[in-house]
Amino acid sequence: MPCICKMKRILLTINTYSQLVVSIQMRYSIWKNDLVDVIISDQSNDSKRIADNLSRYKLFNKVVWIKNNEICSNTKHIYYKIIRWFCILFGWHVLDITNNIYDELLFYNADAFVHGLFATLIKKNGNMVTSRYEEGILSYVDSQFLNNSKLKYANNIRKCFGKRILENEVVTFYCFYPEFYKGELRPICINKIINNNIMGSILKKIFDVNDEKVRIKEKYIFFTSIFDFQGSNPIGEYNLVLKIAEIVGKDNLLVKTHPRDKRLVYEQSDLHVYEHSSIPWEAIQFNNDFSDKVLLTVNSSSVLTANLMVEDKAKSVFLYKCCNYEVNDEAVEAALYLENLLEELPLKKNMIKIENSLDEFIDDVRKGEI
């Protein structure tokens with residue numbers, strides 16, 4: 001008699017478009033026969049439109065869009081601080097979707113909303129599996145979600161009342177490269193994206209991408225990070241971009257800003273800024289041949305995430321040593337992890353480079369090596 005497997009109900013939380021790409025791949029590989037619901041937050045630009053497109057194309061069973069950026073950010077507003085504490089302590093009950101019973105909850109960012117969501121759902125199903133998933137190969141560090149001082153005190157209160165807390169319940173880590181994960185969770189392999197054209201076509205629909213939006217004439221593309229506006233101290237990335245523009249020429253440099261960066265500093269400096277920065281880089285690179293391009297970044301994982309999935313790879317150059325990254329704890333941790341990772345990546349020698357100084361970068365540009 002054939003085995004009759006129970007259909008599982010999965011819930012994913014999504015804050016960035018890189019997380020969305022990973023979620024789509026998991027949906028159509030690991031959970032192609034299951035019910036998969038997603039919650040998309042307002043933590044990325046234009047996310048309401050993207051959520052509406054996801055619902056229209058029925059890529060997931062149910063799509064919910066929520067405004068939670070204020071309670072999850074570093075806001076000093078007392079109202080949102082109270083909401084944050086209430087959410088962690090008592091759960092998140094304002095969404096109809098929390099009335100469902102889920103077999104598994106997945107997240108990348110362990111923010112206040114996810115803590116509250118967990119607190120609500122675990123009461124409905126005490127056997128619910130709680131998992132984390134990757135947001136790019138530079139996200140394979142457990143401390144990125146465990147060390148959150150803003151939430152520690154509220155979680156300690158939950159412990160005092162015998163309530164289960166998120167960080168003690170996370171069991172598995174879904175990732176494309178389990179061999180590079182060194183953490184304490186149990187890694188589960190996500191199937192690689194075999195056909196870039198299929199994924200590229202899906203992303204073009206979701207993000208309303210046409211050929212004009214993916215056409216890039218500049219040779220150098222700089223991916224900004226979060227470290228000038230998030231974390232302990234700004235690292236001077238903006239000033240670094242201005243220096244890079246002087247070296248390679250403004251007309252030869254395109255700035256791809258981080259989706260969570262609401263600032264307009266690059267536009268105000270008359271730099272070429274990609275007008276559709278809310279579109280994930282995967283949607284662009286999966287629909288292009290960038291083998292003649294150079295991807296620049298301080299230490300954004302975007303330059304590696306899509307590049308490791310396509311055949312025609314672009315050169316990737318990391319520039320964190322060219323700015324004051326040591327003042328930001330998160331930037332330091334990302335740099336250390338990157339260096340360890342590149343020791344193992346087979347592409348390191350000819351496709352990936354860490355510049356030790358701005359002078360070294362200038363020499364490499366002059367020699368035509370990048």
Side-chain angles (χ1 to χ4, degrees), residues 6-17 19-24 26-28 30-73 75 77 79-133 145 151 154-155 158 161 163-166 169-170 174 202 205-207 278:
K6 177 192 171 186
M7 179 182 292
K8 294 199 299 182
R9 187 151 196 173
I10 314 294
L11 179 61
L12 293 113
T13 66
I14 298 171
N15 289 336
T16 70
Y17 297 137
Q19 294 171 23
L20 176 57
V21 173
V22 177
S23 298
I24 292 172
M26 289 192 291
R27 165 71 181 89
Y28 286 98
I30 301 174
W31 302 308
K32 57 186 175 183
N33 297 318
D34 297 311
L35 288 175
V36 183
D37 299 337
V38 296
I39 298 176
I40 298 181
S41 77
D42 65 337
Q43 296 185 40
S44 288
N45 297 330
D46 208 19
S47 60
K48 178 63 167 66
R49 179 178 64 84
I50 303 308
D52 290 341
N53 284 349
L54 279 176
S55 296
R56 184 178 305 115
Y57 292 116
K58 301 188 183 303
L59 292 178
F60 296 95
N61 176 61
K62 187 175 181 61
V63 179
V64 174
W65 181 77
I66 183 172
K67 296 179 70 173
N68 68 14
N69 189 44
E70 288 289 354
I71 70 162
C72 295
S73 66
T75 179
H77 198 296
Y79 171 77
Y80 293 111
K81 285 187 174 182
I82 293 173
I83 294 294
R84 180 189 298 158
W85 271 69
F86 189 91
C87 179
I88 298 169
L89 291 174
F90 304 108
W92 188 277
H93 302 281
V94 298
L95 296 177
D96 290 340
I97 201 169
T98 58
N99 293 323
N100 298 325
I101 295 176
Y102 287 99
D103 298 294
E104 187 167 4
L105 169 67
L106 286 94
F107 67 93
Y108 172 71
N109 303 102
D111 51 32
F113 171 73
V114 168
H115 278 76
L117 191 63
F118 166 81
T120 300
L121 298 179
I122 200 68
K123 288 188 292 187
K124 297 181 181 299
N125 179 12
N127 295 319
M128 182 183 72
V129 176
T130 308
S131 305
R132 190 173 182 244
Y133 65 94
F145 78 96
L151 312 178
N155 276 324
R158 280 186 62 86
F161 285 93
K163 303 292 186 181
R164 294 159 72 175
I165 65 172
L166 179 68
E169 301 292 332
V170 183
Y174 289 85
I202 291 173
K205 288 182 178 180
I206 297 172
F207 292 94
S278 61

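Between the side chains of Q19 and N109, a donor-acceptor pair is found at a separation under 3.5 Å. Between D42 and N69, the side chains place no donor N or O within less than 3.5 Å of an acceptor N or O (distance only, hydrogens not considered). Defined by atom type and a distance below 3.5 Å, a donor-acceptor pair is present between the side-chain atoms of E104 and S131. N15 and D111 are linked by a side-chain donor-acceptor pair at a separation below 3.5 angstrom, with hydrogens and angles left out of the test.
If you take CG on L35 and CG on N100, they are separated by 9.5 Å, rounding to the nearest 0.5 Å. For the atom pair K123 NZ and T98 OG1, the distance stands at 9.5 Å (nearest 0.5 Å). A distance of 9.5 Å separates CD1 in I50 from OG in S44, rounded to the nearest 0.5 Å. Within the model, atoms CG of D34 and CD1 of I10 stand 5.5 Å from one another, a figure rounded to the nearest 0.5 Å. Atoms OG1 and CD, from T13 and Q43 in turn, are 9.0 Å apart once rounded to the nearest 0.5 Å. Taking CG of L117 as the start and CG of L95 as the end, the distance is 7.5 Å to the nearest 0.5 Å.
Taking all atoms of both residues into account, the shortest heavy-atom contact from H115 to A110 is CE1-O, 3.3 Å. The minimum heavy-atom distance linking A112 with C87 is given by the pair O-SG, 3.5 Å.
Side-chain contact between I39 and I97: present, with at least one pair of heavy atoms (C-beta onward) separated by less than 4.5 Å. Side-chain atoms of L121 and L11, non-hydrogen and from C-beta on, do get closer than 4.5 Å to each other. Side-chain atoms of V114 and L166, non-hydrogen and from C-beta on, do get closer than 4.5 Å to each other. No side-chain heavy atom of L89 sits less than 4.5 Å from a side-chain heavy atom of F161. Using a 4.5 Å heavy-atom cutoff, the side chains of R27 and L59 are not in contact.
Ion pair K48/D52 flagged as a salt bridge, since at least one NZ, NE, NH1 or NH2 atom sits closer than 4.0 Å to an Asp/Glu carboxylate oxygen.
Between F118 and F107, the ring centre distance reaches or exceeds 6.0 Å.
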| message | Using the rule given for side chain to side chain contact (heavy atoms under 4.5 Å, CB included), can you reason through D37 versus R9, listing the C-alpha separation, both sets of side-chain angles and the distance that settles it, and then say yes or no? | response | CA-CA 8 Å; D37 299 337; R9 187 151 196 173; 3.0 Å; yes

| request: Give the C-alpha distance, both sets of side-chain angles, the deciding distance and a yes or no for side chain to side chain contact (heavy atoms under 4.5 Å, CB included) between L20 and L54. | output: CA-CA 10 Å; L20 176 57; L54 279 176; 3.7 Å; yes

| Could you walk me through whether N53 and K205 pass the side chain to side chain contact (heavy atoms under 4.5 Å, CB included) check? | CA-CA 8 Å; N53 284 349; K205 288 182 178 180; over 6 Å; no

| field | Worked check of side chain to side chain contact (heavy atoms under 4.5 Å, CB included) between M26 and L106 | value | CA-CA 11 Å; M26 289 192 291; L106 286 94; 4.3 Å; yes

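No side-chain donor-acceptor contact under 3.5 Å links Y133 to the backbone of L12. The backbone N or O of S41 lies less than 3.5 Å from a partner atom in the side chain of S47, making a donor-acceptor pair. Judged purely by atom type and a 3.5 angstrom limit, N125 has no side-chain atom pairing as donor or acceptor with the backbone of I122.
A 6.0 Å sphere centred on CG of N99 holds more than 12 heavy atoms belonging to other residues, nucleotides or ligands.
Pairs passing the ring pair (Phe, Tyr, Trp, His ring centres under 6.0 Å) check and including a residue from residues 30-66, sequence neighbours excluded, read W31-Y174.
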